[in-house]
Amino acid sequence: MVRNPHLEQDWAAAAVSSPLLLDAVRAVVGQSVAVENSFLVMKWPGQEFEVPWHQDGIDGRIELDPAKSVAAWLALTDATATTGCLDVIVGSHRRGYLPYGPEAETGRPRGRADTVRGEPDGRPISLPVRAGRAVLMDMRLLHRSGSNTGNGVRVGLNVRYVAPGACLRRDPTCPSLFPVSGTGWPSRSAEGEGDST
């Protein structure tokens, strides 16, 4: 897992700024858009890498206004049920943000992830995505993914997009927001501090 590749790798900066993707994001949150965070996730075949049920818009570091933010999941390789595609619970965003905390210690190499407390209500469905395609999700949508039991690596880029005012709570030690659309954003050296975004 690589945190914020869009800040250090040209291909990732180009991916989060893709005109087609930004058109879809702007249709949800408006014309001024910044990247709050990104994760590059690689699931190697035959290695345990389960991501527990969680919501992208809240954790120990952030809380995002779901009316001013959206999560994007970009498939860089085909994501199938075999290779560990997303499982989602349709309509779960209507319950709002749920209590969460770190998962139990398992000794997994990826460390401990935040997860919702208890077993989520609803029937999960798998959401396969072909390479080069993306899925937009409400920040409150419950989702998870299983390990890759296929033959090739499964690679996905997770991106949290925000509009101005979306960050209700944000760790001030986080990297600055990365504006990709619109005007009125502070300079990159000054933005993203505290709740001013």
Side-chain angles (χ1 to χ4, degrees), residues 1-7 12 15-16 21-22 24-41 50-75 79 85-103 110-122 124-125 127 129 134-145 156-182 185 191-197:
M1 187 179 303
V2 178
R3 184 183 291 266
N4 291 317
H6 69 281
L7 297 178
V16 302
L21 179 58
L22 285 181
V25 170
R26 285 189 291 250
V28 175
V29 299
Q31 292 302 304
S32 293
V33 178
V35 175
E36 190 276 329
N37 197 320
S38 69
F39 288 96
L40 179 67
V41 179
E50 291 190 8
V51 177
W53 289 109
H54 66 283
Q55 297 171 302
D56 282 347
I58 191 166
D59 59 30
R61 192 180 66 76
I62 54 125
E63 181 178 351
L64 300 177
D65 181 343
K68 298 178 181 178
S69 57
V70 68
W73 195 89
L74 289 70
C85 70
L86 296 178
D87 296 327
V88 302
I89 298 181
V90 176
S92 58
H93 65 288
R94 294 187 191 105
R95 291 182 291 221
Y97 286 128
L98 301 174
Y100 67 92
E103 66 181 330
R110 66 161 168 77
R112 297 169 73 189
D114 280 334
T115 183
V116 295
R117 299 283 187 200
E119 192 61 30
D121 293 331
I125 64 164
L127 194 61
V129 183
V135 174
L136 295 185
M137 299 183 294
D138 187 290
M139 288 295 186
R140 301 160 295 182
L141 183 72
L142 284 169
H143 60 287
R144 65 165 297 281
S145 63
L157 182 64
N158 307 343
V159 187
R160 286 194 293 239
Y161 288 102
V162 295
C167 300
L168 304 176
R169 176 174 53 83
R170 190 164 189 263
D171 182 340
T173 66
C174 296
S176 295
L177 298 180
F178 184 82
V180 290
S181 177
W185 292 102
E191 80 211 15
E193 306 297 329
D195 295 333
S196 63
T197 58

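- In this structure, NE2 on His93 lies 11.0 Å from CG on Leu142, to the nearest 0.5 angstrom.
- For Val135, the side-chain contact (heavy atoms from CB on, under 4.5 Å) partners two or more places apart in sequence, or in a different chain, are Leu127, Val129, Met137.
- For the pair Arg170 and Cys167, the tightest heavy-atom approach, listed with the atom from each and the gap, is CD-SG, 3.6 Å.
- Contact check for Arg95 versus Ile89: side-chain heavy atoms found under the 4.5 Å cut-off.
- The backbone N or O of Leu141 sits nowhere less than 3.5 Å from a side-chain atom of Ser92 that would complete a donor-acceptor pair.
- Under the 3.5 Å distance criterion, the side-chain polar atoms of Tyr161 are matched with a main-chain donor or acceptor of Val16.
- When every heavy atom of Arg169 is checked against every heavy atom of Asp59, the shortest pair comes out as NH2-O, 2.9 Å.
- Remark: Arg61 engages Glu36 in a salt bridge (Lys or Arg N to Asp or Glu O under 4.0 Å) (not counting sequence neighbours).
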Could you go step by step and tell me if His143 and Asp56 meet the side-chain hydrogen bond (donor to acceptor under 3.5 Å, both in side chains) rule?
-> CA-CA 9 Å; His143 60 287; Asp56 282 347; 3.2 Å; yes

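- Atom OH of Tyr100 and atom NE2 of His54 lie 13.0 Å apart (nearest 0.5 Å).
- The CZ atom of Arg140 sits 10.0 Å away from atom CZ of Arg94, with the distance rounded to the nearest 0.5 Å.
- Nearest heavy atoms, Asp87 versus Trp53: O-CZ3, 3.6 Å.
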Which pairs of donor and acceptor atoms, one on a side chain in residues 64-71, lie under 3.5 Å apart (sequence neighbours left out)?
from: Asp65; atom 1: OD1; to: Ala67; atom 2: N; distance (Å): 2.9
from: Ser69; atom 1: OG; to: Asp65; atom 2: O; distance (Å): 2.7

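- With rounding to the nearest 0.5 angstrom, the CG atom of Leu21 is 6.5 Å from the CG atom of Leu136.
- For the atom pair Asn158 CG and Leu86 CG, the distance stands at 7.5 Å (nearest 0.5 Å).
- Closest approach of Gly182 to Ser32, counting heavy atoms only: CA-OG, 3.7 Å.
- A distance of 9.5 Å separates CG of Leu168 from CD1 of Ile62, quoted to the nearest 0.5 Å.
- Contact between Ser145 and Cys85 at its shortest, heavy atoms only, is CB-O, 3.5 Å.
- The shortest non-hydrogen separation linking Gln55 to Tyr97 is OE1-CA, 3.6 Å.
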